[in-house]
Asks: 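This structure is in structure tokens; I'll ask about it shortly.
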Amino acid sequence: MSRGYQTPGGSIREIKLCLLGDAGVGKSCLVHRFVSDSFNAASPPTIGAAFMTKMMLVGDQAFKFNIWDTAGQERSSFHALKTWIKELDRFGPSDILIAIAGNKCDKADQREVS
């Protein structure tokens, strides 16, 4: 256990997070903001997948986030959401938690969903 993340019970709760979505929707930018609190507007596209971790202490509980940032394949954004959810239901674990995040508030003129 790394210094600064000691909890009363000594346990670290691991969170596995996989970002899925179309190309160019900002998955990598979200991960980099969360992990290193940085933003690069000219971030290159992800090739294959990237893996990052982040430790976080919330109250007395330590969390370790294992994050897979996948490369997007298409550029149809919101309309592809049903397909991504079907893939997760089909191939993901039975106890999966699905969260949907909207991004790109800086590109209001290109927004597909109001």
Asks: Would you give the length of the straight line joining atom CD of Gln61 to atom CZ of Arg13, rounded to the nearest 0.5 angstrom?
Replies: 7.0 Å
Asks: Met56 vs Lys64, test: side-chain contact (heavy atoms from CB on, under 4.5 Å). Steps then yes/no.
Replies: CA-CA 6 Å; Met56 178 181 268; Lys64 178 182 180 185; over 6 Å; no
Asks: Out of curiosity, Ser11 OG to Phe63 CZ, how far, rounded to the nearest 0.5 Å?
Replies: 9.0 Å
Asks: Once rounded to the nearest 0.5 Å, what's the spacing between atom CZ of Phe65 and atom OG1 of Thr53?
Replies: 11.5 Å
Asks: Between CD1 of Ile67 and CG of Leu30, what distance do you get to the nearest 0.5 Å?
Replies: 10.5 Å
Asks: Going from CZ on Phe34 to CG on Leu17, what distance comes out if it is rounded to the nearest 0.5 angstrom?
Replies: 8.0 Å
Asks: Among Lys16, Glu14, Lys54, which residue meets the side-chain hydrogen bond (donor to acceptor under 3.5 Å, both in side chains) test with Asn66?
Replies: Glu14
Asks: Answer with yes or no whether the hydrophobic clustering places Ile15 together with Val58; edges join I, L, V, M, F, W, Y residues whose side-chain heavy atoms lie under 4.5 Å apart.
Replies: yes
Asks: To check you understand the geometry: which heavy-atom pair defines the closest contact between Asn40 and Cys29, and what is its length?
Replies: O-SG, 3.9 Å
Asks: Shared ILVMFWY cluster between Trp68 and Val35, side chains joined below 4.5 angstrom?
Replies: no
Asks: Could you measure the distance from the OG atom of Ser94 to the CG atom of Asp89? Nearest 0.5 Å is fine.
Replies: 11.0 Å
Asks: Could you walk me through whether Asp69 and Ser28 pass the side chain to side chain donor-acceptor pair (under 3.5 Å) check?
Replies: CA-CA 6 Å; Asp69 175 20; Ser28 296; 2.4 Å; yes
